[in-house]
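Sequence positions, counted from 1, serve as the residue numbers for this chain. Order of appearance sets the numbers: ligands from 1, and atoms from 1 within every ligand.
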Amino acid sequence: GLDISNLRSQSGLITFDPGFGNTGSCKSDITFVDGENGILHYRGYPIEELAEHGNFIETAWLLIFGELPLKEDLARFRALLCAEELIHEDLLHHFNGFPSHKSQPMAILSAVINALGSYHTDLYDIHNKSEFFLAVGKMISKVRTIAAFSYRKSIGRPFMYPDPDLSYCHNFLHMMFSIPNKHYDPPIEAVKALSLVFMLHADHEQNCSTSTVRMVGSTQANIFASVSAGICALWGKLHGGANAAVIDMLEQIKDGDITIDEYLEKVKKKECRLMGFGHRIYKSFDPRARILKKAADNLLQNGFNDQLLDIALELEEKAIADDYFTERKLYPNVDFYSGIILRALGIPVAMFTVMFAIGRLPGWIAHWYEDFENPTTRINRPRQIYTGQTQRNYIPIDFRK
Ligand code: ACO
């Protein structure tokens, strides 16, 4: 029996909503999701239109500042990103604190983003729009340098410094893959595909990592610390870690360790989950998965071969023809096809969740700022239903059994 007095708070009854499936934690103007009908809008613009006509940097501006940028906005933003692409040489020492060859890029990313704040303590307290703009530029530009450096560190290679003449996505690929005296020159399709992947990950209302950023931000923690917490929340395989888990699963099938039918049987016996399937909100389809499926197909037709795409297509076909999955409304989510695109671009699986983090950064920043600007924001502090012991008396150690 539940003691009803446990459910009372100063302001009414406490709701019990495990996993917050039905709890609105805030009001937000940023992203609209209609999970029943597979609809996603950023600031009112359908994701399909942004994917067709826009790019990542324009989308970042839209999410953070609320409107599509004018030409002069974009020029100012690009100039800031260029100016901010390097990180302080002292910050490089942080990379050396991680073990060579087996360091985890997500661990480096979260730690170095937090450390980055110590180099810009003047931005710990933001007083006006121009300070916020500067913080945005620093984070969005430097995250890609830190991410690429974390990869170079993880494979024991020297860092490749950014090249200000390159576009945002091209520059990232350069820092990942160029070697001294040999610039990596990706095909234009690869640069576009990367921009698309980032854009489709850029926001998704109150998902776990974004809620974490808002939660930490609600204590008036600085933007670097709040985003660093979001990166940690993203790490898990039920969230941003799913893209790497999808590739593991497809590779097991490719290597002949298990067939598709056997895998689906294991899932139905609840021995494992079908990674890249299912979503808390989308119950008919995830519009991002549709766009990425098409993009993966296009990329592979342009000479990037990958047998894993055929396996993914067959797996999807079999799963959606099976009552187990349709009854539970389980369909591919954004992670099911993003990994195939990232693989085609040469991004190693250990970097997949980092790629998600780069894409999600504008969303985290937009949400942090929305709370920051809102005078009615209160510290986030959920309640609980206490199920432990009722009051009892202290027992001296000699009398304990
Ligand atoms: N494979 C098999 N069964 C699943 C899956 C899956 N991927 N997802 C949910 N189910 C089943 C559950 O076992 C449960 O079945 P039951 O009613 O028989 O017990 C039912 O569907 C409901 O599942 P919940 O866990 O309650 O769904 P929830 O909304 O809490 O979880 C989540 C959503 C975490 C995304 C889940 O679908 C999952 O684990 N998917 C695989 C991991 C993944 O792809 N994560 C990426 C999500 S998208 C993102 O973060 C960008």
Q) Which pairs count as salt bridge (charged side-chain N to carboxylate O under 4.0 Å, His left out) when at least one residue sits in residues 197-219, sequence neighbours excluded? A)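 Pairs touching residues 197-219 that pass the test: R214-E370, R214-D371.
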Q) Of all residues at least two apart in sequence or in a different chain, which pass the ring pair (Phe, Tyr, Trp, His ring centres under 6.0 Å) check with F372? A)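 Counting only residues at least two positions away or on another chain, F372 forms a ring pair (Phe, Tyr, Trp, His ring centres under 6.0 Å) with W368, Y369.
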Show the short N or O contacts, below 3.5 Å, that ligand 1 makes with protein N or O atoms; if there are none, say 'none'.
from	atom 1	to	atom 2	distance (Å)
ligand 1	1 (N)	L274	N	2.9
ligand 1	7 (N)	L274	O	2.7
ligand 1	7 (N)	F277	O	2.9
ligand 1	13 (O)	K270	NZ	3.3
ligand 1	13 (O)	R273	NH2	3.4
ligand 1	15 (O)	K270	NZ	3.2
ligand 1	15 (O)	R328	NE	3.2
ligand 1	18 (O)	K270	NZ	2.6
ligand 1	18 (O)	R328	NE	3.0
ligand 1	18 (O)	R328	NH2	3.1
ligand 1	19 (O)	K270	NZ	3.2
ligand 1	25 (O)	R273	NH1	3.2
ligand 1	25 (O)	R273	NH2	3.0
ligand 1	29 (O)	R280	NE	2.8
ligand 1	30 (O)	R280	NH2	2.9
ligand 1	39 (O)	R273	NH1	2.7
ligand 1	40 (N)	F277	O	2.9
ligand 1	44 (O)	G276	N	2.9
ligand 1	44 (O)	N333	ND2	2.9
ligand 1	45 (N)	L238	O	3.1
ligand 1	50 (O)	H239	ND1	3.0

Q) Given H204, which of H367, H239, H279, H41 fulfils the ring-ring contact (aromatic ring centres under 6.0 Å, His included) condition? A)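 The residue from H367, H239, H279, H41 that satisfies ring-ring contact (aromatic ring centres under 6.0 Å, His included) with H204 turns out to be H279.
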Q: Drop me the distance from E67's CD to D73's CG, to the nearest 0.5 angstrom.
A: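 The CG atom of D73 is 10.0 Å from CD of E67, to the nearest 0.5 Å.
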Q) On the ring face of Y282, is R288 found with NZ or CZ under 6.0 Å from the centre and within 45° of the axis? A)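 No, a cation-pi geometry is absent between R288 and Y282.
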**Q.** Residue list, side-chain contact (heavy atoms from CB on, under 4.5 Å) with C82, at least two apart or on another chain
**A.**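 If we apply the side-chain contact (heavy atoms from CB on, under 4.5 Å) test to C82, skipping adjacent residues, the hits are P164.
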